[in-house]
Amino acid sequence: MNPVLQQGSFGVDVLRLKELLNKQLNPAQKLSFSLIFDEKTTFAVMTIQSKFGLRVNGVVTSEVWECLINGHPTVEESLPFRWFNYYETPWMAYALPEQGQKAIDGKSHNPRVVEYHSTTTYRATRDETAWCSAFVNWCLTKAGIQGTNNAGAESWLSWGKETYPRVGAITVVQRMNDRYHVAFYQGKCPGGIWIFGGNQKHTVKSSPYIEGKNYRWVKYRWPK
């Protein structure tokens, strides 16, 4: 039986895991042959989990072993995005595990959403305050990248450099009501795009945005 492994694990099973991961990864990103489950190994596991449609958390479960050993059938085609390469988009290693975080109805406030707010100069303390930009700032900060530190989605229009619609790109959309929203690009959908972000129906989730229905235009940004 294959053991459950995660960052900090040590032993020959970690070495075997790395050998299997190296067969799935780009040769330029091969893992070192050591017995230590380090951060780079965690990112590699997340890439595989995303590729095969598993929960993205960096923990090697029996499902991950099955994918690596037996070639578990991918469900990528049924997902609203192409898989993320965590070497190219390390911020997504922090974004995707947040899926499901949501604002709390009533007088209480989700402390995680308040934590997102702490990465902006506005530093709101309520989860009713718009938090899409705060979420993007939080993910980039976790990845060691300077964001806008601004609570406004429009602040991302001049951040970084312009790019094309590629997976993980910071995506700014102008809604039909002329307000802005910012999230991460996932892929195309009929008539629009899939984006993953915070405060999408008050939740961290993936959502389809249809041109002419949900937004007027979109701009994509990438770290310099």
With a 3.5 Å distance limit and no angle check, can you tell me whether Asn137 reaches the backbone of Thr120 through a side-chain donor-acceptor pair?
no
Reported CD-to-CG distance for the pair Glu128 and Asp105, which is rounded to 0.5 angstrom:
9.0 Å
Any side-chain heavy atom of Ser9 within less than 4.5 Å of one from Val4?
no
Least distance between heavy atoms, Asn2 atom then Ile69 atom:
ND2-CD1, 3.7 Å
Which atom names give the shortest non-hydrogen contact between Phe184 and Thr171, and what distance separates them?
C-OG1, 4.1 Å
For the atom pair NZ (Lys40) and OG (Ser34), what is the distance rounded to the nearest 0.5 Å?
10.5 Å
Side chain proximity check, Lys102 to Lys205, heavy atoms < 4.5 angstrom:
no
Applying ring pair (Phe, Tyr, Trp, His ring centres under 6.0 Å), name anything that partners Tyr116, two or more places apart in sequence or on another chain.
Trp131, Phe135, Trp138
Would you give the length of the straight line joining atom OG1 of Thr47 to atom CG of Leu21, rounded to the nearest 0.5 angstrom?
9.0 Å
Got Trp65 and Arg16 here, is their nearest side-chain heavy-atom distance under 4.5 Å?
yes
Please tell me if the side chains of Asn22 and Phe33 come closer than 4.5 Å, counting only heavy atoms from C-beta onward.
yes
Indicate the atoms forming the closest heavy-atom contact of Trp194 with Ser206, along with that distance.
CE3-OG, 3.1 Å
Looking at side-chain heavy atoms only, is the closest gap between Ile170 and Tyr220 below 4.5 Å?
no
Does the side chain of Gln49 reach to within under 4.5 Å of the side chain of Val64, using non-hydrogen atoms?
yes
Side-chain heavy atoms of Trp159 within contact of Leu140, under 4.5 Å
yes
Spatial distance of atom CG (Asp38) from atom NZ (Lys18) [nearest 0.5 Å]
4.5 Å
Applying a strict under-4.5 Å side-chain criterion to I, L, V, M, F, W and Y, I'd like to know whether Val12 and Leu20 cluster together.
no
Strictly distance-based, threshold 3.5 Å: is any side-chain N or O of Trp91 a donor or acceptor partner for the main-chain N or O of Gly168?
yes
Mind checking whether Leu35 and Leu5 sit in one hydrophobic cluster, side chains of I, L, V, M, F, W, Y counted as touching below 4.5 Å?
no
With the 4.5 Å side-chain cut-off for hydrophobic clustering, are Val167 and Val218 part of the same group?
no
Would you say Lys188 and Pro165 make side-chain contact, with heavy atoms under 4.5 Å?
no
Just do the side chain to side chain contact (heavy atoms under 4.5 Å, CB included) check on Cys189 and Ile210 with the steps written out, would you?
CA-CA 8 Å; Cys189 70; Ile210 309 301; 3.8 Å; yes
Please report the shortest heavy-atom distance between Pro3 and Asp13, naming the atom on each side.
CG-OD2, 3.4 Å
Within 6.0 angstrom of His202 NE2, more than 12 heavy atoms from elsewhere
no
Tyr185 and Phe196: same hydrophobic cluster, using ILVMFWY side-chain contacts below 4.5 Å?
no
Applying side chain to side chain contact (heavy atoms under 4.5 Å, CB included), can you list everything that pairs with Glu211, at least two apart in sequence or on another chain?
Tyr215
Under the salt bridge (charged side-chain N to carboxylate O under 4.0 Å, His left out) rule, collect the residues that match up with Glu115, sequence neighbours excluded.
Arg112
Flag yes if Tyr94 and Val182 sit in one hydrophobic cluster, no otherwise; membership is Ile, Leu, Val, Met, Phe, Trp, Tyr, and two members link when side-chain heavy atoms are under 4.5 Å apart.
yes
Where do Met46 and Met92 land on the side chain to side chain contact (heavy atoms under 4.5 Å, CB included) test, with the steps shown first?
CA-CA 10 Å; Met46 285 179 157; Met92 297 309 300; over 6 Å; no
Considering all heavy atoms of both residues, which atom of Met176 and which atom of Lys213 are nearest to each other, and what is their separation?
CG-O, 3.3 Å
How long is the straight-line distance from CZ of Arg221 back to OG1 of Thr148, given to the nearest 0.5 Å?
12.0 Å
Could you tell me whether Arg216 atom CZ has more than 12 heavy atoms of other residues or ligands within 6.0 Å of it?
yes
Ala151 to Ser133 - nearest heavy-atom pair and separation:
O-CB, 3.4 Å
Flag, side chain of Asn199 to backbone of Val204, donor-acceptor distance under 3.5 Å:
no
Output for pair (Arg175 CZ, Tyr209 OH), nearest 0.5 Å, gives 4.0 Å
